[in-house]
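First up is the structure itself, then whatever we jot down about it.
Fair warning: this is a prediction, and the values are worked out from it, not measured in the lab. Proteins come first, then strands; the chains are lettered A, B, ... in the order of their sequence lines, and each starts at number 1.
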Amino acid sequence: MPELPEVETIKETLKPFLCGKTIEQVTVNRPEVIAEPGAAEFVALLRGRRILALERRGKFLLVKLSGSYWLVIHLGMTGRLLWLESGAPQAAHTHLVLRLEGGEVHFVDPRRFGRLYFFSQPRLAEFIDLKDFGPEPLTPEFTPEKLGELLRDRRRPLKALLLDQRLIAGIGNIYADEILFAAGLHPLRPASSLKEKEINALYHSIRKVLAAGIAHGGTTVRDYVDGSGRAGSHQDHLCVYGRAGQGCPACGTLIERRRYAGRSTYFCPRCQV
DNA sequence: CTTGTGCCCTGACCGC
DNA sequence: TGCGGTCAGGGCACAA
């Protein structure tokens with residue numbers, strides 16, 4: 001489910017409830033969702049620790065804990081993190097509950113692609129290093145020049161590159177299609193064929209589309225809700241994603257859907273060249 | 001290096 | 001009502 005704007009929204013909505021609180025109890029209903037270390041160890045290490053800060057790297061949520069430890073969460077396709085009152089009933093597919101002072105965090109994930117990790121500071125650094133993430137697209141380190149460097153000498157289609165977390169971190173299938181539409185670029189355009197003007201258009205589209213996604217509290221096409229259980233509204237602003245057979249908002253040409261890299265890809269055959 | 005495929009899972013939806 | 005097929009915001013292993 002969640003791409004950068006959704007994880008960012010979840011992080012921001014959970015922040016006021018979680019920061020400064022101590023984890024009093026950890027309930028694991030499904031040990032498989034804990035990737036590292038083992039479930040028993042995970043529970044023992046987490047209990048009694050204080051939450052100091054919430055951060056995000058790509059689609060990963062990073063929870064900074066006392067003693068230089070980290071709880072790291074990836075929500076996969078359908079993962080949710082919900083702040084609920086103490087003793088709230090557990091929805092179906094609630095795999096883990098963190099009891100804090102004054103409430104609980106429920107990790108709910110029907111498809112179970114989401115994973116949780118407990119890391120020491122050096123282990124987190126190693127993990128991030130191993131993932132080899134590209135730059136965060138909304139930070140100052142990400143510039144048009146940087147994007148130009150990333151695209152140079154690569155023949156892969158733009159869609160594949162936008163989905164590749166090692167190039168730019170955080171973009172998923174919805175926002176990749178929306179970004180390419182905003183930039184007027186065909187998803188299958190080889191990266192190295194872009195002119196400087198097109199690189200600039202792509203750069204500004206990446207920033208603009210992701211920022212709009214965050215401003216709208218994420219895109220809810222199916223399961224996504226923020227930390228308070230509220231749906232986003234960016235689905236009302238989508239131009240191409242999920243709109244096969246409907247008119248392009250710019251020119252009226254029918255939006256096309258193609259299968260690429262195992263994912264649906266939506267684009268306007270007239271506006272995107 | 002690159003691409004495509006299948007898999008991990010559940011649930012919603014569609015056609016018959 | 002039921003059944004099978006298809007599809008879904010992700011990511012990984014593996015084959016060609």
For the side chain of [X], counting heavy atoms from C-beta on, which of [options] is nearest?
{"X": "A/R156", "options": "C/dC12, B/dC9, B/dT2", "result": "B/dT2"}
{"X": "A/S264", "options": "B/dC9, C/dC7, C/dC12", "result": "C/dC7"}
{"X": "A/F113", "options": "B/dC9, B/dT3, C/dG11", "result": "B/dC9"}
{"X": "A/Y241", "options": "C/dG11, B/dT10, C/dG9", "result": "C/dG9"}
{"X": "A/Y260", "options": "C/dG9, B/dT3, B/dG11", "result": "B/dT3"}

Problem - Donor/acceptor link under 3.5 angstrom from A/R112 side chain onto base of B/dC9 - result: no
Practice task
Spell out yes or no: do the side chain of A/R222 and the base of B/dA12 have one donor N/O and one acceptor N/O closer than 3.5 Å?
Solution key: no
Exercise for the section: Look up atom CH2 in A/W70 and atom CG in A/L52, then write down how far apart they are to the nearest 0.5 Å. Expected result: 8.5 Å
Practice task
Using the P atom on both, measure C/dT6 against B/dG6 and round to a whole Å.
Solution key: 12 Å
Given [N], is OP1 or OP2 found less than 4.0 Å from the side-chain N or O atoms of [X]?
{"X": "A/H234", "N": "C/dG9", "value": "no"}
{"X": "A/K131", "N": "C/dC12", "value": "yes"}
{"X": "A/H74", "N": "C/dG11", "value": "yes"}
{"X": "A/Y224", "N": "C/dA8", "value": "no"}

For [X] and [Y], indicate whether the former's side chain and the latter's backbone hold a donor-acceptor pair under 3.5 Å.
{"X": "A/R49", "Y": "A/S66", "value": "yes"}
{"X": "A/R189", "Y": "A/V273", "value": "yes"}
{"X": "A/R50", "Y": "A/G20", "value": "yes"}

Whole angstroms only, please: what is the [atom1]-[atom2] distance between [X] and [N]?
{"X": "A/R154", "N": "B/dT3", "atom1": "CZ", "atom2": "C1'", "value": "16 Å"}
{"X": "A/E3", "N": "C/dA8", "atom1": "CD", "atom2": "C1'", "value": "12 Å"}
{"X": "A/R115", "N": "C/dG9", "atom1": "CZ", "atom2": "P", "value": "19 Å"}
{"X": "A/K59", "N": "C/dG11", "atom1": "NZ", "atom2": "C1'", "value": "8 Å"}
{"X": "A/L75", "N": "C/dG11", "atom1": "CG", "atom2": "C1'", "value": "14 Å"}
{"X": "A/D223", "N": "C/dC7", "atom1": "CG", "atom2": "P", "value": "18 Å"}
{"X": "A/R258", "N": "B/dG4", "atom1": "CZ", "atom2": "P", "value": "12 Å"}
{"X": "A/D153", "N": "B/dT2", "atom1": "CG", "atom2": "P", "value": "11 Å"}

Centroid-centroid distance, [X] to [Y], less than 6.0 Å:
{"X": "A/Y266", "Y": "A/F181", "result": "no"}
{"X": "A/Y241", "Y": "A/Y175", "result": "no"}
{"X": "A/F267", "Y": "A/Y260", "result": "no"}
{"X": "A/F118", "Y": "A/Y69", "result": "yes"}

Problem - Sugar-phosphate only, base, or nothing, as touched by A/R30 at under 4.0 Å among non-hydrogen atoms - result: nothing
Exercise for the section: Answer with base, sugar-phosphate or nothing: what part of the nucleic acid does A/P157 contact at a heavy-atom distance below 4.0 Å? Expected result: sugar-phosphate
Exercise for the section: Runs of at least three consecutive Watson-Crick or G-U pairs, both distances under 3.5 Å, are what I'm after; which ones involve DNA chain C? Expected result: B:2-8 with C:10-16, B:10-16 with C:2-8
Completion exercise
Sorted by position of nearest nucleotide on DNA chain B, 5' first, the leading residue of A/G262 and A/R111 is A/G262
Exercise for the section: Check whether the side chains of A/E101 and A/T22 place a donor and an acceptor atom closer than 3.5 Å, and report yes or no. Expected result: yes
Fill in the blank from the handout: Judged by whether its glycosidic angle lies within 90° of 0, C/dG9 is syn
